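First the structure, which I've put down as structure tokens, then a few questions once you've had a look.
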Amino acid sequence: MKMKILVINAGSSSLKYQLMDSESGQVYAKGLCERIGIDGRLTHKVPGRDDVKQDIPMPTHNEAIKAVMDALVDPEKGVIRSTDEIDAVGHRVVHGGAEFAASCVIDDNVIAAIERCIPFGPLHNPANLMGIRACMEAMPGKKQVAVFDTAFHQTMPPKAYIYALPYEYYEKDGVRRYGFHGTSHKYIAGQALRALGREGHPEGTKIISCHLGNGSSLAAIVDGKVVDTSMGLGPLAGFPMGTRSGDIDPTIMEYLMGRYGWDIKEMLGVLNKKSGVLGISGVSSDFRDLSAAAREGNERAALALDKFAYEVKKYIGAYAAAMGGVDAIVFTAGVGENDADMRMRIASGLEYMGVKICPKCNATRGKEEISAADSKVKVFVIPTNEELMIAMDTAELVK
Ligand code: ADP
């Protein structure tokens with residue numbers, strides 16, 4: 001469906017936007033509002049033109065959205081004549097709990113349901129709602145769609161999403177695995193099916209989608225539907241990430257909180273912001289810095305990279321076992337798309353399950369298929385595009 005969709009990703013003090021074509025993915029303009037609630041700065045980018053940077057007071061998200069609208073329709077820096085040209089707005093919403101298994105057109109009921117999910121996404125959902133409300137005020141009557149990070153994972157069977165806790169906490173309190181990066185995993189699943197020549201008939205396909213960025217997660221996808229994923233109730237779970245620990249033994253929390261007198265907020269601060277490959281290396285959360293440090297002989301940087309590759313490899317093995325095989329493994333996001341060495345470390349040693357990388361293809365930037373011609377399992381590198389997925393879902397729902 002060809003439409004002009006404004007994609008909004010609202011954070012607590014920032015707001016990213018893209019005005020794009022929902023069919024071709026062409027980006028007309030994109031940008032970022034920063035320091036909302038502090039002072040306010042807009043960076044507005046139009047392909048082929050110089051970036052525009054402007055200090056604009058943004059006490060709330062309302063002024064931020066107003067600044068975005070003004071930039072989009074500006075006779076000089078704009079790309080449309082009026083906001084009437086925007087067919088609909090698609091919002092990224094982080095936590096949809098068990099309320100949303102798909103994207104949906106926003107109405108009062110949807111807003112109430114997103115509010116009910118705030119306890120699961122206390123940092124993100126309130127900010128996402130501020131973005132939605134600001135757009136409703138700036139463009140009354142314009143169709144708005146919510147696209148949830150959790151929705152694509154709602155097809156998981158109970159054995160994958162249930163935690164081995166007293167069942168009442170699932171029933172009464174909604175404690176279960178939800179999973180994140182769903183918009184990316186959904187886009188990647190679609191692209192992998194295309195690459196496998198199975199678009200429109202995914203029956204029998206088994207795909208492992210590896211979203212490796214600052215935050216990272218894996219998803220096991222059978223027949224185009226998620227059957228398991230590595231993140232949990234929140235995005236701290238799974239394998240080590242840039243600054244997040246991934247799964248740890250909960251006993252560690254009791255031990256460290258006792259020793260250092262931390263409360264749970266301080267403990268979670270360590271697990272969210274000071275752990276992962278940053279925590280192990282003490283160098284950086286950025287894989288480029290870690291590779292450089294490891295090359296110069298920094299042993300902890302080397303250990304951090306080793307740990308990351310090892311844990312991702314274990315998840316791939318686990319998901320192959322869970323699915324009873326695998327047809328394709330896809331690498332995406334900052335690390336997955338760019339770090340050929342990390343892809344090699346992860347995939348090497350998996351020859352026993354039919355994974356054989358072509359080293360030359362893996363080292364060639366922009367090459368989609370990096371498995372050897374005789375590899376039983378196809379291995380792809382596919383750039384993710386969460387904004388396009390949001391635009392596609394939005395166009396589909398409002399057409
Ligand atoms: P986010 O989760 O914030 O969306 P990205 O998917 O953009 O993150 O991934 C960001 C990470 O990608 C950076 O922290 C960096 O470690 C990694 N990265 C980006 N480019 C490269 C590269 N050329 N080589 C290795 N790692 C890279």
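This structure is a prediction, so every number in the text was calculated from the model and none was measured. Order of listing sets the numbers, starting from 1, for every ligand and every atom in it. The basis for the numbers below is simple: all heavy atoms, side chains too, and nothing from hydrogens, waters or symmetry mates.
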**Request:** Measure the distance from atom 5 (P) of ligand 1 to every protein heavy atom, then report the residue, atom name and distance (to 0.1 Å) of the closest one.
**Result:**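 Atom 5 (P) of ligand 1 sits closest to the protein heavy atom Gly334 N, 3.7 Å.
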
**Prompt:** Can we say Arg177 and Asp228 salt-bridge, meaning some charged N sits less than 4.0 Å from an Asp/Glu carboxylate O?
**Reply:**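 Yes, charged N to carboxylate O under 4.0 Å.
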
**Item:** atom 3 (O) of ligand 1: nearest protein contact (heavy atom, Å)
**Value:**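 Looking only at protein heavy atoms, the one closest to atom 3 (O) of ligand 1 is Asn214 CB, 3.4 Å.
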
**Request:** Do me a favour and list the nearest non-hydrogen protein atom to atom 23 (N) of ligand 1 with residue, atom name and distance?
**Result:**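 That would be Asn338 CB, 3.3 Å.
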
**Message:** To check your reading of the model: name the closest protein heavy atom to atom 15 (C) of ligand 1, its residue, and the distance in Å.
**Reply:**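 Minimum-distance protein heavy atom for atom 15 (C) of ligand 1 reads Asp286 OD1, 3.4 Å.
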
**Prompt:** Can you tell me which residue and heavy atom of the protein come closest to atom 17 (C) of ligand 1, and the distance to 0.1 Å?
**Reply:**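 Its nearest protein heavy-atom neighbour is Val335 CG2, 3.6 Å.
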
**Item:** Tyr169-Tyr163 aromatic ring centre distance below 6.0 Å
**Value:**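 Centroid distance Tyr169-Tyr163: not below 6.0 Å, so no.
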
**Request:** Identify, by atom number and element, the atoms of ligand 1 in contact range of Phe287, meaning under 4.0 Å from any of its heavy atoms.
**Result:**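 Contacts of ligand 1 toward Phe287, numbered from 1: 15 (C), 16 (O), 26 (N).
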
**Min side-chain heavy-atom separation Asn125-Val94 under 4.5 Å** =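 Counting from C-beta outward, Asn125 and Val94 do come under 4.5 Å.
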
**Item:** Atom indices of ligand 1 within 4.0 angstrom of Ala333 heavy atoms, with elements
**Value:**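 Those atoms are 6 (O).
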
**Asked** Going by the atom numbers of ligand 1, which of them fall below 4.0 Å from some non-hydrogen atom of Asp339?
**Response**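 Matching atoms, with element in brackets: 25 (C).
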
**Prompt:** What about the rings of Phe180 and His153, do their centers lie closer together than 6.0 Å?
**Reply:**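 For Phe180 and His153, the ring centres are not under 6.0 Å apart.
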
**Message:** Please report whether the ring centroid of Phe152 lies less than 6.0 Å from that of His185.
**Reply:**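 No; Phe152 has its ring centre 6.0 Å or more from that of His185.
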
**Request:** For atom 24 (N) of ligand 1, find the nearest protein heavy atom and state the residue, atom name and distance (0.1 Å precision).
**Result:**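 For atom 24 (N) of ligand 1, the nearest protein heavy atom is Arg288 CG, 3.4 Å.
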
